[in-house]
Amino acid sequence: MGTNKAYLFLFLLCVLMTFIVPSALRVIKAKKKKKRLKGVLSGAKTLTPKQFFSLRQSYYGRMANLEFEGVYIIYNLNKKMYYVGQSVHVPSRVNAHFTGKGNGDVYADYKYGDRFEIRMVKLRGSGYNRLDDLERELIDMYHCCEKGYNRKKGNR
């Protein structure tokens, strides 16, 4: 009888180590990633397209002062859909989306009256070393491929 209990204990220990512990570690890792991303986003000001264009206009002729390397998040308030992208010239790239030279679906929704919010995040100071990593994690966090405008999960 003692041997059977030992085998049962070992079996349960194997099940625990094989299925439960890795699953729990994935949940913990996902929570840490989400917390880290929320920290990155907390410093990013939210702008409407009108505010964005006004800011760009105020810097007209001095665009080098406004450009930076980072990611941007475009959120359609009407459809509750996100688009996440990256660029070495973020404001210029955001401008392209709202002037018909970026994601066609975002532009069409904007052109036909949907309301949007824009957030721009500088790579420098974000805690990330690579744009690809930051972009990919934000695409994943906002489920941009499943429920948003993104068609790819980011660059590798």
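Because the structure is predicted, anything quoted here is derived from the model rather than measured. Below, each value reflects all heavy atoms present in this structure, side chains not excepted, and no hydrogens, waters or symmetry copies. Numbers here are sequence positions counted from 1.
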Could you tell me the separation between the [atom1] atom of [X] and the [atom2] atom of [Y], rounded to the nearest 0.5 Å?
X    : Y    : atom1 : atom2 : value
I139 : K152 : CD1   : NZ    : 9.0 Å
S87  : E135 : OG    : CD    : 10.5 Å
I118 : T48  : CD1   : OG1   : 7.0 Å
D132 : E137 : CG    : CD    : 11.5 Å
M120 : I74  : CE    : CD1   : 10.0 Å

Main-chain N/O of E67 paired with H89 side-chain donor or acceptor, under 3.5 Å: no

Side-chain donor/acceptor of R119 to backbone N/O of L41, under 3.5 Å: yes

4.5 Å side-chain heavy-atom contact, [X] and [Y]:
X    : Y    : answer
V71  : L131 : yes
Y112 : D114 : no
Y128 : L37  : yes
L66  : V90  : no

Please report the closest heavy-atom contact between [X] and [Y], naming both atoms and the distance.
X    : Y    : result
S126 : V40  : O-CG2, 3.1 Å
F68  : K122 : CD1-CG, 3.3 Å
R136 : D133 : NH2-OD1, 2.6 Å
F52  : P91  : CZ-O, 3.2 Å

Ring geometry between Y110 and F116 (parallel below 30°, tilted from 30 to 60°, perpendicular above 60°): perpendicular

Test log, rule side-chain contact (heavy atoms from CB on, under 4.5 Å), inputs Q86 and L123: CA-CA 10 Å; Q86 64 165 293; L123 178 63; over 6 Å; no

Identified side chain to side chain contact (heavy atoms under 4.5 Å, CB included) counterpart of Y75 within the set R115, M81, E117: E117

Stepwise side-chain contact (heavy atoms from CB on, under 4.5 Å) test for N150 and Y82: CA-CA 8 Å; N150 290 75; Y82 286 92; 5.8 Å; no

Presence of salt bridge, E146 and K153, under 4.0 angstrom: yes

Short side-chain donor-acceptor distance under 3.5 Å, D105 and Y83: no

Test side-chain contact (heavy atoms from CB on, under 4.5 Å) applied to D109 and N78, step by step: CA-CA 9 Å; D109 288 344; N78 298 85; over 6 Å; no

side-chain contact (heavy atoms from CB on, under 4.5 Å) assessment of K45 paired with L55: CA-CA 12 Å; K45 186 176 178 182; L55 179 66; over 6 Å; no

